[in-house]
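Structure, as structure tokens:
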Amino acid sequence: MLSSLTRGLLAAAGIAGLTGALLTAAPAPPASAAVPDTIPLTITNDSGRGDAVYVYTLGTSLTTGQQGWADAAGTFHAWPAGGNPPTPAPDASIPGPAAGQTRTIRIPKLSGRIYFSYGRKLDFRLTTGGLVQPAVQNPSDPNRDILFNWSEYTLNDSGLWLNSTQVDMFSAPYSVGVQRSDGGVLTTGKLKPGGYRGVFDALRAQPGWSGLIQKRSDGTVLRALSPLYGLETGALPASVLNDYIDRVWRKYTTTTLTVTPFGDQPGTKYFGRVSGGVMNFTNGAGAVVTSFQKPDASSVFGCHRLLDAPNDAVRGPISRTLCAGFNRSTLLTNPNQPDTSASGFYQDPVTNHYARIIHERTTDGKAYAFAFDDVGNHESLVHDGNPAQARLTLAPFD
């Protein structure tokens, strides 16, 4: 299954509707420009590690709709039928560059992930419903003890969207980039010097949050799970956000929360008030357009369940705004949302400290630390409508 972030990229890329916030990273291509079926991806290994690197390009073909993988030449291969229990997938690994080296492969038009692992190949399985992605929050997952990470991308006729993501976990460091047809380069996802170790040190120092860190039996730090998976594994208590959520619900029993979800449509506003434990949103005519039960921490961290965000014109945009406000703890300080000024984010003691810690340690302040971190353009995403080349740089482990 694709993550909520991949689904967001599908929407951003125009497959299921456009979101204006994601289309400002680069100018649109000329009308005559045509995105080729594959583009180069240059992988640079600046990790400083001696381990062998394995790379995978996996996803859904935007030409056929099939799930599958691409080889180093960018040729797409559909997965064979899976089974129950899951059966081993074909070996889709591509040898990556050694430390200090660079390798260029090609990536096709699809929406999916570019995985990379150190030292060991990833173990992918196929069910009757398709590919089983690694789920390291599950202690029995065969990839639990492998050091790996991934980027998510969409390449289609409208261009390339490529991100560095921490929606599921923070692990092996990397940055992404796109070279435009005019030679200019956009990059994001780079950590500050000391940032990789700094994330883990800060989680250890934050009371109650160190349990997100996963290690191998030999003590090697592998990753930090996202707060959503921290709830699932018991690393965070279910009540971790209750105090803040309760304060928000109390505030908006007597105050109106105004949501202006589209930056290019300032006249489209919705007005939220809590009544009978439910936050009802009305439009300018006073008609109720959608309602939300008081969310729990899982709904906030995952931007799902009680904060579900369908790809529609009303509930989804309002829910995305609420989700960002809860994660960034701006709903008590600003009744006009979204609040897009990073200086006011994560200031409440009860907040998404995982997201705070990661954002503080990126060179441009951008990250994808929760599913709708793109609200206000704070996501680590590069886009170009006529890409000449994509870039993935495996970064030092400090």
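Since the structure is predicted, the reported quantities are computational estimates derived from the model, not experimental observations.
For R120 and D145, the salt-bridge test fails: no basic side-chain N is under 4.0 Å from an acidic carboxylate O. Salt-bridge formation is detected for the pair D246/K294: a Lys NZ or Arg NE/NH1/NH2 atom is positioned less than 4.0 Å from an Asp or Glu carboxylate oxygen. The residues K121 and D91 are annotated as salt-bridged, a charged nitrogen and a carboxylate oxygen being separated by less than 4.0 angstrom.
Looking at Q166 and D373, their side chains never come closer than 4.5 Å, going by heavy atoms from C-beta outward. Using a 4.5 Å heavy-atom threshold, the side chains of F170 and I357 count as separate. Side-chain contact between V178 and H383 is absent, with no heavy atoms from C-beta onward closer than 4.5 Å. Between L307 and V300 there is a side-chain heavy-atom pair separated by less than 4.5 Å. With a 4.5 Å cut-off on side-chain heavy atoms, L332 and V248 count as touching. In this structure the side chain of R247 reaches within 4.5 angstrom of the side chain of V350, judged on heavy atoms. Between S47 and Y118 the shortest side-chain heavy-atom distance falls below 4.5 Å. Residues E152 and Y368 have side chains not in contact (no heavy-atom distance under 4.5 Å, counting atoms from C-beta outward).
The shortest heavy-atom contact between D308 and S319 is O-OG, 3.0 Å. When all heavy atoms of G325 and Q337 are compared, the closest pair comes out as CA-OE1, 4.2 Å. Among all heavy-atom pairs drawn from L162 and A390, the shortest one is CD2-CB, 4.1 Å. The two residues V35 and P387 have their closest heavy-atom pair at CG2-CD, 4.3 Å. Contact record, T260 with P338: O-CD, 3.2 Å, taken as the closest heavy-atom pair. Closest of all the heavy-atom pairs between N163 and Y174 is O-OH, 3.9 Å.
Residue D157 holds its CG atom at 8.5 Å from CG of D37, rounded to the nearest 0.5 Å. Between the CD atom in Q293 and the CZ atom in R305 there is a gap of 12.5 Å [rounded to 0.5 Å]. Rounding to the nearest 0.5 Å places OH of Y354 at 10.5 Å from OH of Y229. Between the CZ atom in F116 and the CG atom in L122 there is a gap of 10.5 Å [rounded to 0.5 Å].
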Practice task
Output, in order, the C-alpha distance, side-chain angles, deciding distance and verdict of salt bridge (charged side-chain N to carboxylate O under 4.0 Å, His left out) for R113 and D168.
Solution key: CA-CA 13 Å; R113 294 177 172 181; D168 291 341; 3.6 Å; yes

Worked verdict on R320 versus D374 for salt bridge (charged side-chain N to carboxylate O under 4.0 Å, His left out)
CA-CA 9 Å; R320 290 196 296 268; D374 57 339; over 6 Å; no

Hey, mind stepping through T42 and R391 against side chain to side chain donor-acceptor pair (under 3.5 Å) and telling me if it holds? CA-CA 5 Å; T42 296; R391 297 184 177 186; 5.9 Å; no

Begin from the C-alpha positions of D364 and T188 and carry the test side chain to side chain donor-acceptor pair (under 3.5 Å) through to its verdict.
-> CA-CA 7 Å; D364 57 7; T188 192; 2.8 Å; yes

* To do: Any chance you could lay out the side chain to side chain donor-acceptor pair (under 3.5 Å) test for N280 and S291, step after step, and finish with the verdict?
  => CA-CA 4 Å; N280 300 297; S291 301; 2.6 Å; yes

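Below 30°, between 30° and 60°, or above 60°: for F148 and W150 the angle between ring planes is below 30°, a parallel geometry. By the 30° and 60° cut-offs, the orientation of the rings of W79 relative to W69 is tilted.
Side chains of H304 and S298: a donor-acceptor N/O pair is present below 3.5 angstrom, by distance only. A donor-acceptor pair shorter than 3.5 Å cannot be found between the side chains of S151 and S164. A side-chain donor-acceptor contact under 3.5 Å links T220 and D218. Between the side chains of S111 and T154, at least one donor N or O sits under 3.5 Å from an acceptor N or O.
Within 6.0 Å of NZ on K215 lie no more than 12 heavy atoms contributed by other residues, nucleotides or ligands. Shown here is K366, whose NZ atom has more than 12 heavy atoms of other residues, nucleotides or ligands within 6.0 Å.
For the pair N45 (side chain) and L394 (backbone), a donor-acceptor distance under 3.5 Å is absent. Counting only distance, with no hydrogens or angles, the side chain of S329 and the backbone of F326 share no donor-acceptor pair below 3.5 Å. At least one donor-acceptor pair under 3.5 Å links the side chain of Q347 to the backbone N or O of F345. Looking only at distances, no side-chain donor or acceptor of Y270 sits under 3.5 Å from a matching main-chain atom of P261. Of the possible donor and acceptor atoms, one in the side chain of N149 sits under 3.5 Å from a partner among the backbone N and O of A172.
Here the options are I146, V221, L225, L147, the test is side chain to side chain contact (heavy atoms under 4.5 Å, CB included), and the partner is S171; only L147 passes.
For the pair R315 and F281, the cation-pi criterion (under 6.0 Å, within 45° of the ring axis) is not fulfilled.
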Less than 3.5 Å apart, which donor and acceptor atoms pair up between the side chains of residues 202-213 and the rest of the protein, not counting sequence neighbours?
residue, atom, partner, partner atom, Å
R204, NH1, D201, OD1, 3.0
Q206, OE1, R356, NH2, 3.1
Q206, NE2, H353, NE2, 3.4

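You'll find the ring centres of F124 and Y56 inside the 6.0 Å limit.
By the salt bridge (Lys or Arg N to Asp or Glu O under 4.0 Å) test, R125 pairs with D123, sequence neighbours left out.
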